[in-house]
Amino acid sequence: METLRQLLVGREISELSRVSDLLDEPEQLAAAVGGVLPSAAARAPHAQLGEALAPAVERAVQRSIQKSPRTLTDILYPVFLPAIRKSIGEKIDQTFQSLNETLRHIFTWHGLKWRFESWRTGASFSEVVLKHSLVYRVEHVFLINRNSGLLIAHVTAENATSEDPQLISSMLSAIQDFVKDSFNEKEQSGLDTIRFGELRLWSEVGPFATLVAVIRGNPPEELHEIVRDVLFRIHDEYSQALEQFDGDSSQLIGVETQLQTCVELKQEDSNQGFPWLVTAAVLLILIAAGGWFFLSWQSGQRWQAYVSRLATQPGIIVAEQKVSDGQFYIAGLRDPLSADPQSLLSGTEVDPARVHSQWQFYQSLEPEFVLKRLTASLAPPDTVRLSIVDDRIVAEGEAPDTWIDRARSAARQLSAGGPEFDISKVRDVSPEARAAEHWQAYVSRLETQPGIIVAEQRIRDGQFYIAGLRDPLAADPQALLSGTEVDPARVHSQWQFYQSLEPEFVLKRLTASLYPPDTVRLSIVDDRIVAEGEAPDTWIDRARAAARQLSAGGPEFDISKVRDVSPEARAAEHWQHYVSRLEAQPGIIVAQQAARGGHFYISGLRDPLAADPQALLSGTEVDPARVHSQWQFYQSLDPKFVVKRLTASLTPPKSVRLSIVQGRIVVVGEAPAAWINRAQAAAEQLSEDGVVLDVSQLSELSLPELNRLREAIQATDIFFNSGKVVPGPEQTPVLDRLADQIKEFAQSARKSGITARFMLTGHSDGTGRETANASISAARAETVRALLNKRGVAPELLLVRGAGTFEPVVPENSQTGSSTNRRVSITVNLD
Amino acid sequence: MQKKICMLGGFAVGKTSLVRRFVQSIFSDTYLTTVGVKIDKKSVALPDKTVDLILWDLAGEDDIGSFRVSYVRGATGLVLVIDGTRAATLAVALTLRERAEAEFGAMPFVLLFNKSDLTDRWAISDSEINELRQRGWQIYLTSALSGENVDDAFRQLASMVTE
Ligand SMILES: Nc1nc2c(ncn2[C@@H]2O[C@H](COP(=O)(O)OP(=O)(O)OP(=O)(O)O)[C@@H](O)[C@H]2O)c(=O)[nH]1
Ligand SMILES: [Mg+2]
């Protein structure tokens, strides 16, 4: 049986015993339950588990607090702190708001009204003020899901409107997100006030929902508390529904009634019926009191003006003042040197009889009072000036040491709390000191004097002693005393003479001993004495001896710049000067020169166009009588001379320019062909002498106008009857025209720098003897010259010649031969 | 019943335009970039109930670093918008979704390839879209300009978030 049992349920039995062991062994049981407890708790229905655990947890917390309150405080601290902070902040805001409003209304008409109300109702004045000045209305309340920003509920006050509340609610939370993100705000609370003109958005943040109240007007700070309270109650009641909110607010219908309490919050200016009776009574009292009130108010104002004037007075400290029963009381401190409060009353219209003042004297430490007192007590001398600089009193100037001592002790006494008294700028000028100062000034003046060496000086018993060396040429120490304010009678000096080696003294002595001639100048250059100029050799010798004597320790005496000027030497010098001047002359070549026995000999070549050597003598101080010169003429090939010669011989027209370019003579311009030919000839000649005359840049004068005229002139012939030397009257117009043409031509040519000449050639026919023909032809030319001259042609332009029968125009045996050949022809020459 | 929906997607993909088309039935081709967030609301009548979609149109960010993920808090659905003419915006939309889900957990979404009217510039291949459909995602080719599929897409999401 046992075996059977073993066989059938043996495994179960051992299982059972293991389990009962497990249950009996507390250790093992705890381990087993511990393994499943978390999942068991998780699976249990929330409400039941909560209820079951609540008492235990409560007890545990209680124990923990009893044991060590610290632990729990630490745990809860982060939760409480923001709330506490916020609550304190609000309390402070509230206080400020109340103070603010009270102050704002204290002196206004409704302020008075409210005072009356506060007296009537027994409420404090600030309460009444807040009640009236904080006019507001909560227009909307939104309850918003904190997580999604979705609207849970929304309540509106009567006739307040708004946009779609769902949108508003999302936007509000978007703004919250934006602010938190942007400013990295970690705080739980986020934005709690947004102000937009008249509207304020106050938000209270709860664990699952945010309550936003939209308030128009000026809400009191306590409203925060009310709003928060509502939010708290909503969370309390609907915490689960709030936590699980997923956009469906059907679970939260009741919330709206809670919100409604917020929306009903408002404070409106009471528009109750006007309290006629009370007003009448008050009015009566007011009228009666009015006069008195106004007067006392006015005198109060005056009194206040007086008090504030006193308070700004330096040296007056108003400690206390009050007005009571129309009497004015004032007490305080005043410096004896300050303005008299009594005298300040005059002109204020405050009745002096009603003023009761109590002043205690004190010594003001304001710098200006201290200055006054110091001036009174120290009686500073005229040379001292006291002034206030940056709240310090500064004394400046000169004063005897006795005064300075007194000032110093005054400064010491002042030091405690008062302004600083700075006397460092006052110089001690007691008579002794002053005299010593003067003496020192004199001594240092002496020390800077050249030629004076101060060896010793001292002041004893008001007497001044000085000893030293002085050069006889130095300034007189006694004379230097004048103007120094040192009493000469108290000066005892002992001077020994010495020869100063200072350059200027040496210079003086040298000048005295050497008597330098007027042509010598002595000067000091870099501590050396330098003689310059010209002197006879005798003087130079003396100077050299003096220089040698000086050498020991004294300055150097440099006579190297004095030139020996014995008459001979000077004459030779002048001669040399003249010779070198000649040598520099163009067109003069000095071949030889010598000075011998007081006479000067010179020989050489000179171009006739060069300067006259004789004339160059003047101004050279060379005696012409002692000059013997021998000059041979030559043609200088110096381009300058060549140009001169060419200009003289070729007489170039104005349109041509001769210039020297790098040793070559260049002729540039326009010239008549004849002149160009002559220039070319000259160039050839010169090239043999090695002088270059460049005529390549010459061009023939091209004067088309003149050419035509010239043609016309040359085509003209004056005809004669047989045997006659005077042309017939029929030739008069020809002559007239010819004269005009010649004049015009000559004038135009002159303008171009060319001289035109007109050759009148007389001709005769072949009849008659040849000699007679020759003379008749010349005579005809002469006649024409005279006729042209008569017509205004300058005679020097006209050349005449007789050609006889040698230059006939046509063969003599032809038909018109003789008559045509009896004529005067004209050719134009240019050069 | 209200639901918070967030429009996510790259820069200028047409989020704002889609919301305007859906809410106000209008389209404008002037582009005004959204700064921060813009909120709109549209009631959608489903067979069994009506749901108020609160649409949070977020500023498009191609740079995922500057994405303000906190705006997505409390959202129950996402509209991921891709610009079909810019292939790169697909990756942007998917990254934004990952970012949002990492922060707030998985939530239903629809994927919109927008600007379907711009066929000549279309940059997404059909095979790519099919492959995404394989994952069981709700995908629409929409055009804010013509209105094509816009209502359907939002309705689809509305029914997904009310399940
Ligand atoms: N053709 C066409 N253009 C579109 C479409 N949707 C948007 N656009 C244009 O694309 C541009 C950008 O559109 P938005 O809606 O402002 O883009 P967004 O995604 O809101 O941009 P952000 O706010 O900057 O992130 C605008 O010029 C729109 O007119 C569309 O379906 N078709
Ligand atoms: Mg946009």
Side-chain angles (χ1 to χ4, degrees), chain A residues 142-155 162-191 194 201 203 205-212 241-253 255-256, chain B residues 1-8 15-16 19-20 22-24 34-44 46 48-59 61 64-78 99-100 103-108 157-163:
Chain A
F142 296 86
L143 190 66
I144 301 171
N145 180 256
R146 251 189 89 179
N147 200 31
S148 59
L150 293 177
L151 182 69
I152 298 168
H154 168 237
V155 183
S162 81
E163 287 294 312
D164 188 327
Q166 289 182 329
L167 278 184
I168 293 177
S169 124
S170 288
M171 281 176 191
L172 282 174
S173 67
I175 293 172
Q176 295 267 10
D177 285 347
F178 177 74
V179 172
K180 264 191 220 167
D181 263 18
S182 305
F183 305 110
N184 220 347
E185 194 58 60
K186 290 283 181 303
E187 198 104 350
Q188 277 258 306
S189 53
L191 267 191
I194 299 174
L201 273 68
S203 64
V205 183
F208 305 120
T210 304
L211 195 155
V212 177
L242 284 177
E243 193 181 353
Q244 289 164 3
F245 179 78
D246 64 346
D248 183 1
S249 41
S250 54
Q251 300 288 311
L252 288 154
I253 306 282
V255 169
E256 286 186 11
Chain B
M1 161 88 52
Q2 322 161 49
K3 293 292 173 190
K4 172 172 173 179
I5 304 293
C6 286
M7 308 287 300
L8 297 187
K15 299 180 294 298
T16 307
V19 172
R20 281 190 88 195
F22 176 53
V23 175
Q24 299 170 316
T34 306
V35 177
V37 59
K38 194 171 157 299
I39 296 166
D40 253 302
K41 182 189 129 183
K42 166 96 172 176
S43 297
V44 178
L46 295 174
D48 49 342
K49 58 193 148 207
T50 299
V51 57
D52 289 336
L53 296 184
I54 310 293
L55 299 163
W56 289 48
D57 170 19
L58 309 191
E61 298 287 357
I64 190 76
S66 38
F67 176 56
R68 285 175 189 275
V69 73
S70 64
Y71 285 134
V72 182
R73 175 182 299 106
T76 44
L78 304 176
R99 179 93 176 76
E103 194 86 13
F104 304 113
M107 56 188 108
L157 186 63
S159 65
M160 282 160 77
V161 296
T162 49
E163 259 163 24

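Per chain, numbering begins at 1; letters A, B, ... match sequence-line order.
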Can you tell me how far apart CZ (F208(A)) and CG (L143(A)) are? Round to the nearest 0.5 Å. 12.5 Å

Per the side chain to side chain contact (heavy atoms under 4.5 Å, CB included) rule, which among V155(A), I168(A), L211(A) passes with F142(A)? I168(A)

When rounded to the nearest 0.5 angstrom, what is the spacing between CE in M107(B) and CD1 in I5(B)? 9.5 Å

Between CG on residue L172(A) and CG on residue L201(A), distance to nearest 0.5 Å: 5.5 Å

Would you say V212(A) and I194(A) make side-chain contact, with heavy atoms under 4.5 Å? no

Chain A contact via I39(B) - side chain, backbone, both or neither, heavy atoms under 4.5 Å: both

Tabulate, with distances rounded to 0.1 Å, every donor-acceptor pair spanning chain A and chain B at under 3.5 Å.
from	atom 1	to	atom 2	distance (Å)
Q2(B)	N	G247(A)	O	2.7
Q2(B)	OE1	L151(A)	N	3.4
Q2(B)	NE2	L151(A)	O	2.5
K3(B)	NZ	D246(A)	O	2.6
K41(B)	NZ	D164(A)	OD2	2.6
K41(B)	NZ	Q166(A)	OE1	2.6
D52(B)	OD2	Q166(A)	NE2	3.0
R68(B)	NH1	D181(A)	OD2	3.4
S70(B)	OG	D181(A)	OD1	3.4
S70(B)	OG	D181(A)	OD2	3.0

Side-chain contact test, heavy atoms from C-beta onward, threshold under 4.5 Å: evaluate it for V255(A) versus L242(A) and give yes or no. no

